[in-house]
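Take a look at the structure set out below.
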Number of protein chains: 2
Amino acid sequence: MSDDQWVPPTVLLAVDLVILTLRESRLQVLLVERGIEPYQGALALPGGFLNHAEEDLPAAAHRELAEEAGLDADHLHLEQLGVYGTPGRDPRGRVVSVAYLAIAPRLPEPVAGTDAAHARWTPTEQVLPDPTRLAFDHHRIVTDGVERARTKLESSALATAFCGPTFTITELQAVYEAVWGTPLDPRNFYRKVQGVAGFIVPTGRTRRTETGRPAKLFRPGPRQALHPAMTRPTVLSNEEKPQT
Amino acid sequence: MSDDQWVPPTVLLAVDLVILTLRESRLQVLLVERGIEPYQGALALPGGFLNHAEEDLPAAAHRELAEEAGLDADHLHLEQLGVYGTPGRDPRGRVVSVAYLAIAPRLPEPVAGTDAAHARWTPTEQVLPDPTRLAFDHHRIVTDGVERARTKLESSALATAFCGPTFTITELQAVYEAVWGTPLDPRNFYRKVQGVAGFIVPTGRTRRTETGRPAKLFRPGPRQALHPAMTRPTVLSNEEKPQT
DNA sequence: TAAATAGTGTCTGTAAGACACTATTGA
DNA sequence: TCAATAGTGTCTTACAGACACTATTTA
C-alpha cells in the first residue's frame, strides 16, 4: 500500500444474461453456441464485453438482449444478479462478468440470419443437473438466476412478467408450477392469488378454451410487493419433518 | 461488432465494504475519512482497488476488512451485495466497484496508529436520511446493504452474527429492533424465536443483570434458514390499510 | 349425456399479534 | 416491600392446505 510505483490493475468487464421464458409449460433459458474460442462450439449465456469504456452496465445488458435475443425492452424485467470474477474463469485473462436476469413472456424461436442465429431455448431442467454442459462458470450463473427467479416469485408480482398482457389464473398457476417445479392445488391457488391485494385485476372478459368453462381474464395489478406472499411448498429436509 | 480493430475496454475494479455492527443498541456502519482526492476529507466506505490482476474478489474484501477495520474472518458474515459501475461515479475514470456486506458482533473503536486510524463507527440512522453525506455513490451502497441485512434477518439466522458466542433472548431482540428500526413485543418475540427449530439452543446457563430475573443464555443453532421466518412488522402503506 | 376446465364452500392446523399474568432477581 | 426484567397462558384473527362441491363450456 505504500509503494509509490503501484498502479491499480485493470480488468475486462463483461455482461452475461440469464434470459428466462416459459415455453411448452417449461422454464427455458436462452443459450448461444459459441462461434469463437475459448469454448468454441459449447453452449454459453448470451453476453459480451462492454462496447466502450463509458458504456453503462444496464445499457450493455439491454444491448446484448437486443443483439443476441432480438428483444426490445417491452414487457421486460431486468435485474442485476451478481458479479462473477474468479481469476481463471476465462482463459483470455482477468474477465469480470456482471450477470443480469431477464424475464420475458412467451418468446419466439430465435430468427436465423440474425446475430441471434446461434441462440436456442433450452429447458432449465436439462441444464441444471449437469454442471459441465455450459462454458465458463455459466452453469453457476444459470443456477443463481433460476433460484433468484424462484425467490422473487414468492414476494413479488414477477410471475405476471412471464404472461402476456392478459392471462387466466390457470396460466398464472402454470408459471408458478414451471418456475418452482412443483404442482399446486388449483382451487387454493385460485382463491389465494385473488386475495393478494393489487396483484391481478379482472378485465371483465373471458377466454374460451377447447373444452371446459371459459376462464376470466386478468391483467397485472399495481402492486409489486405481494401481501401476503405466495408460499412455495416447502421441500422438507429430514431434520424438519414432523415427528410422528 | 464487425470491426476487426475493436478491442474490449478495460476498467478499474474496486471492492467496497458495508461493515455493520451493533453499538449502543444502534446499527452502525464503519466509515473512513478519505485522505486523498477525490472527495478528500469526506466520509466513505472502506475499500479500494484490487492489489493485483489475479486477486480474487472475496480475498480482496477480506484484505480490506483486515486493513481498514482490523478484523479477521472470525465470527464474520461476508456476502456480495452488488456491482456499482455507473460511468462517472468516480472522477478518476471508469471504476467498477463490487460491494460486500460484512456483519460482525459488537466491535471496538478503530485503533489509532493503524491503517484503520481514520475509521469511525457511525449510526445508520444518521447516514441514511442524508444522501449527500458520503463520497461517490456510497450512500446508495449503504442503503442497499442495510436493506439486505433487514431482509436477511427475516429468513436467516444472521441476527446471531451480531451477538457474542452466547446471548440472551432480550439481546437477540435488541438486534432485530436495531436493524429493523421497529419495536417488538418481548413476550411474543420470546416464544416466537424459541419456536423456530434450530435457530437458537439453550446453554443451560444464565446471566445476571443489574436488576431483574437472570436470563437464560443461548447459542446459535445449526439452522441457517428459518422456519417459520421471523416476520418484520409491516409498515402499512395507505393502499393496504384495512377499510373500516 | 360425458368430459373437461373454471370457480366456490368449508374445515383443520399453524402461526402472528394483543395483552393479562406469574417468576425471580436486587435494592 | 417495590421495581425491574424474565418468562407463561390464552384469546383472536389470518392464512395455508386438503378436499367436497357447483358452474359452464364443447363434443
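Throughout, a chain's letter reflects where its sequence line sits, starting with A, and its residues are numbered from 1.
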Query raised in the report: Whole-Å distance between C:dT8 P and A:D185 CG?
Result: 14 Å
**Report entry** Neighbours of DNA chain C within residues 199-212 of chain A, by heavy-atom distance under 4.0 Å
**Finding:** A:T211, A:G212
Query raised in the report: Closer to the 5' end of DNA chain D via nearest nucleotide, is it A:T231 or B:P214?
Result: B:P214
Requested in this report: Output all residues satisfying ring pair (Phe, Tyr, Trp, His ring centres under 6.0 Å) with B:Y176, sequence neighbours left out; order by chain, then residue number.
Outcome: B:W180, B:F189
**Report entry** Partners meeting side-chain contact (heavy atoms from CB on, under 4.5 Å) with B:V83 (sequence neighbours left out)
**Finding:** A:L57, A:Q80, A:V83, A:V98, B:V96
Query - Closest non-hydrogen atom pair between A:P131 and A:P129, with its separation - result: CD-O, 3.4 Å
Requested in this report: Return the value, rounded to whole Å, for the distance between atom CG of B:L184 and atom P of D:dG7.
Outcome: 17 Å
Query - For the student: nearest non-hydrogen atoms of B:V175 and B:C163, plus distance - result: CG2-SG, 3.8 Å
Requested in this report: Using whole Å, report how far NE2 of A:H227 lies from C1' of D:dA16.
Outcome: 17 Å
Query raised in the report: Would you say the side chain of A:L217 lies within less than 4.5 Å of the side chain of A:T203, judging by non-hydrogen atoms?
Result: yes
Query raised in the report: To the nearest angstrom, how far is A:Y176 atom OH from D:dA16 atom P?
Result: 12 Å
Nucleotide N/O of nucleotides 10-14 of chain D paired with protein N/O under 3.5 Å:
| from | atom 1 | to | atom 2 | distance (Å) |
| --- | --- | --- | --- | --- |
| D:dT10 | O4 | B:R191 | NH2 | 3.3 |

Report task. Select one nucleotide: of D:dT8, C:dG7, D:dT5, the one nearest the side-chain heavy atoms of B:Q194. Result -> D:dT8
Requested in this report: Would you please name every residue forming a side-chain contact (heavy atoms from CB on, under 4.5 Å) with B:A174, sequence neighbours left out?
Outcome: none
Report task. Applying side-chain hydrogen bond (donor to acceptor under 3.5 Å, both in side chains), name anything that partners A:Q173, two or more places apart in sequence or on another chain. Result -> A:E177
Query raised in the report: How far does the helix from C:dT1-D:dA27 to C:dA27-D:dT1 bend, going by the axes of its first and last five pairs, to the nearest 10°?
Result: 10°
**Report entry** Whole-Å gap separating P (D:dT5) and CD (B:E171)
**Finding:** 13 Å
Query raised in the report: Does the B:H139 side chain pair with the main chain of B:R133, one donor and one acceptor, at a distance under 3.5 Å?
Result: no
Query - From D:dT24, C:dT25, D:dA6, nucleotide with atom closest to B:R213 side chain - result: D:dA6
Query raised in the report: Does anything in residues 137-163 of chain B pair up under salt bridge (Lys or Arg N to Asp or Glu O under 4.0 Å), and if so which pairs, sequence neighbours excluded?
Result: B:E79-B:R148, B:E79-B:K152, B:R89-B:D137, B:R140-B:D144, B:E147-B:R232, B:E154-B:R232
Query raised in the report: In chain order, what residues pass the ring pair (Phe, Tyr, Trp, His ring centres under 6.0 Å) check against A:F136, with sequence neighbours excluded?
Result: A:Y39, A:H138
Query - A:K192 NZ to C:dT8 P, straight-line distance once rounded to whole Å - result: 17 Å
Requested in this report: For B:R207, enumerate each residue passing the salt bridge (Lys or Arg N to Asp or Glu O under 4.0 Å) test, keeping only those at least two apart in sequence or located in another chain.
Outcome: B:E171
Requested in this report: Starting from P on C:dA23, measure out to CZ on B:R187 and report it in whole angstrom.
Outcome: 16 Å
Report task. Using a cut-off of strictly less than 4.0 Å between a heavy atom of the residue and any atom of DNA chain C, enumerate the qualifying residues of residues 159-168 of chain A by number. Result -> none
Query raised in the report: Where do A:I169 and A:Q194 come nearest, in terms of heavy atoms and distance?
Result: CD1-CG, 3.8 Å
Query raised in the report: Excluding sequence neighbours, so at least two apart, what forms side-chain contact (heavy atoms from CB on, under 4.5 Å) with A:E210?
Result: none
**Report entry** Between P of C:dT22 and OH of B:Y190, the distance in whole Å
**Finding:** 18 Å
